[in-house]
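Note that this is a predicted model, so its numbers are computed, not measured. Atoms within a ligand are numbered from 1 in the order they appear, just like the ligands themselves. Residue numbers run from 1 in the order of the sequence given.
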Amino acid sequence: MAGLHKSEIENPVLNWIDTRLPVITMMQKEYGVFPTPRNFNYLWNFGALAMVVLMIMIASGILLAMHYTPEKTMAFDSVEAIMRDVNFGWLLRYGHANGASMFFIVVYIHIFRGLYYGSYKAPRELLWMLGVVIMLLMMATAFMGYVLPWGQMSFWGATVITNLFSAFPLVGEHIVTWLWGGFSVDNPTLNRFFALHYLLPFVLIGVIFLHVAALHITGSNNPLGIDPKGPQDTLPFHPYYTIKDSVGICVFLIVYAAVVFFAPNLFGEPDNYIPANPLATPAEIVPEWYFLPFYAILRSVPDKLGGVLMMFGSIIVLFVLPWLDTSPVRSARFRPVYRVFFWLQLLACIVLGMVGAHRPEGIWVILGRVSTAWYFLHFLVILPLLGKLERPLPLPESISRAVLRGGGGGPLPGGATAKPMEKV
Ligand code: HEM
């Protein structure tokens, strides 16, 4: 019949489906035989890991929502009831709360992997920009989720962060009232944050789909940062990387379980075990650890609007990163000077995280200002200049030549040849 896909699946039922809707053929193409650089290291596990964490977050979140009450007089108690009265409610709640932290650890490593190996450069600019959209969505989702238990830190964190919008001239106050749904953080705020916290992960799925679709157009980057030149440079995704990803997932689950079972309040704030009280401000209002670097940038600028703009700017700058980095060489392995600046930038982000966790006084003010300045200097001045001034090391001829004994193509010990990967 004209227009029907000719499926090669043997099973007659699957063949019937695949002829009409070739999802199985598509999966085989994209995750079975998909040619993938043969030299991935374990840092290439983190995209798949992020997907696994998102699935765990959605599953545990839906189950939590079945017992949670988004109403200000009942929210805190409903969370306590989940912890004490719902079967395995403690596991759902601790799994979800710590899952958020694990999600950010995984995604931050995923981002710094991209920065080190130049994965944001042509032709992967759009893939990278979709990643930045994902990060913004994750931040919004995490922020609203943290408000739901309606503890002291939930309430005051929401108050401080939503109030930032009041810094914008003319429209600021209106935006804040609109966000709150009233004249302070109150029941309408809680209710809408719950609605959006439930919605945004599904928007995330959509954007992640585009992220991975873009990846499958360009193909993956790799630790050498050079393009595969033929079948000798790639491996089929399955079984090589399905197995490698499975190893990563097992290790990750061990770490995640260790936190959930042995230190479930490791990332938590004791004040959030006190019900929200609009009349009592906590001594210290600190965001979750994954927001600390941004919080530090906000506080390092001695002007409210300036701080807000710099905080948003620290993420916006990532959108244009592919055009700020002018070097044609991707991987830091072949960029001896960039490599040093990469580690300095990572250090600046860690210092910013520490600054965000301390009161803005004494040495912390100076450290905050220096590392904020450094953060922007790195992207806006150092990267554009380095591309022009740095002399990169010579690039290998091909992936297989660089990573295979015998240089890819020649005979390997034992008489095997490395070249004809089509056989696999
Ligand atoms: C929920 C969050 C995310 C998920 C599920 C996700 C998923 C993935 C997956 C499955 C891959 C392919 C495997 C890999 O290279 O590790 C990938 C690659 C990539 N991701 Fe993400 N990603 C997420 C967030 C981000 C963010 C926030 C950024 C950047 C701001 C980003 C940038 C990239 C880049 C540049 C690549 C290509 C890497 C390469 O080929 O070397 N991703 N992502």
Side-chain angles (χ1 to χ4, degrees), residues 27 30-31 34-58 61 99-142 200-228 233-235 237-238 240-242 244-249 252 290 293-294 314-322 324-325 329-333 345 349 379 399:
M27 285 303 284
E30 301 297 332
Y31 289 99
F34 192 71
T36 313
R38 63 185 310 147
N39 58 334
F40 276 0
N41 57 33
Y42 274 103
L43 288 171
W44 264 261
N45 280 47
F46 284 82
L49 275 181
M51 283 189 179
V52 170
V53 187
L54 181 64
M55 291 308 127
I56 295 176
M57 292 303 279
I58 290 182
S101 281
M102 301 310 285
F103 203 2
F104 276 95
I105 293 175
V106 165
V107 169
Y108 283 157
I109 294 176
H110 187 65
I111 295 174
F112 276 96
R113 182 280 313 257
L115 291 176
Y116 189 84
Y117 294 108
S119 299
Y120 50 85
K121 294 191 191 187
R124 299 183 184 81
E125 304 94 322
L126 195 55
L127 164 67
W128 169 263
M129 291 162 86
L130 287 164
V132 183
V133 174
I134 292 174
M135 191 168 92
L136 284 169
L137 282 170
M138 277 178 63
M139 289 177 157
T141 311
L200 287 189
F202 297 96
V203 179
L204 258 176
I205 291 185
V207 184
I208 290 166
F209 180 82
L210 297 178
H211 184 69
V212 176
L215 177 79
H216 281 224
I217 300 289
T218 58
S220 284
N221 186 26
N222 63 79
L224 294 171
I226 56 174
D227 294 326
D233 289 345
T234 61
L235 294 172
F237 191 82
H238 179 76
Y240 294 95
Y241 289 118
T242 41
K244 192 161 180 161
D245 278 345
S246 308
V247 174
I249 290 167
F252 168 79
Y290 37 81
F294 305 99
S314 65
I315 298 174
I316 303 296
V317 71
L318 295 177
F319 275 110
V320 287
L321 175 62
L324 290 171
D325 186 343
V329 175
R330 293 198 192 105
S331 175
R333 269 198 204 172
Q345 182 71 335
C349 293
F379 286 125
I399 295 176

Below 4.0 angstrom from a heavy atom of [X], which ligand 1 atoms are there? Numbered from 1 as shown, please.
X    : result
F103 : 1 (C)
V107 : 2 (C), 27 (C)
A48  : 10 (C)
I208 : 1 (C), 5 (C)
S220 : 40 (O)
I111 : 27 (C), 29 (C), 30 (C)

Would you call [X] a ligand 1 contact, heavy-atom distance under 4.0 Å?
X    : answer
G131 : yes
Y117 : no
L54  : no

| request: Say whether, by atom type as modelled, one donor and one acceptor occur between the side chain of W128 and the main chain of L318 under 3.5 angstrom. | output: yes
[atom1]-[atom2] distance between [X] and [Y], expressed to the nearest 0.5 angstrom:
X    : Y    : atom1 : atom2 : value
M102 : Y290 : CE    : OH    : 12.5 Å
F103 : T141 : CZ    : OG1   : 8.5 Å
L200 : L137 : CG    : CG    : 6.0 Å
I56  : F252 : CD1   : CZ    : 6.0 Å
F104 : M135 : CZ    : CE    : 8.5 Å
Y117 : N222 : OH    : CG    : 9.5 Å

| query | Taking everything shown except M27 itself, do over 12 heavy atoms lie less than 6.0 Å from its CE? | reply | no
What residue and heavy atom of the protein are closest to [atom], and at what distance?
atom                    : value
atom 18 (C) of ligand 1 : H110 CE1, 3.6 Å
atom 38 (C) of ligand 1 : R113 NH2, 3.2 Å
atom 2 (C) of ligand 1  : I134 CG2, 3.4 Å
atom 12 (C) of ligand 1 : L215 CD2, 3.2 Å
atom 10 (C) of ligand 1 : G47 C, 3.5 Å
atom 41 (O) of ligand 1 : S119 OG, 2.7 Å
atom 37 (C) of ligand 1 : L127 CD2, 3.4 Å
atom 4 (C) of ligand 1  : A50 CB, 3.7 Å

| field | Full working for side chain to side chain contact (heavy atoms under 4.5 Å, CB included) between M139 and I315 | value | CA-CA 11 Å; M139 289 177 157; I315 298 174; 3.7 Å; yes
| field | Nearest atoms (heavy-atom pairs only) where V207 meets L130 | value | CG1-O, 3.9 Å
| Nearest atoms (heavy-atom pairs only) where G248 meets L49 | O-CD2, 4.0 Å
Would one find an N or O of [X], backbone or side chain, under 3.5 Å from an N or O of ligand 1?
X    : answer
W128 : no
G219 : no
N45  : no
W44  : yes

| remark: Logged contact type for V132 with ligand 1, heavy-atom cut-off 4.0 Å, is both
| said: Looking only at N, O or S atoms in H211, which is nearest to atom 21 (Fe) of ligand 1? | reply: NE2
| request: Quick one: do H216 and F34 satisfy ring-ring contact (aromatic ring centres under 6.0 Å, His included)? Show the steps, please. | output: CA-CA 9 Å; H216 281 224; F34 192 71; 4.1 Å; yes
| Derivation and outcome, side chain to side chain contact (heavy atoms under 4.5 Å, CB included), residues L126 and L210 | CA-CA 10 Å; L126 195 55; L210 297 178; over 6 Å; no
| query | Within 45° of the six-membered ring axis of F40 and under 6.0 Å from that ring's centre, is NZ or CZ of K244 located there? | reply | no
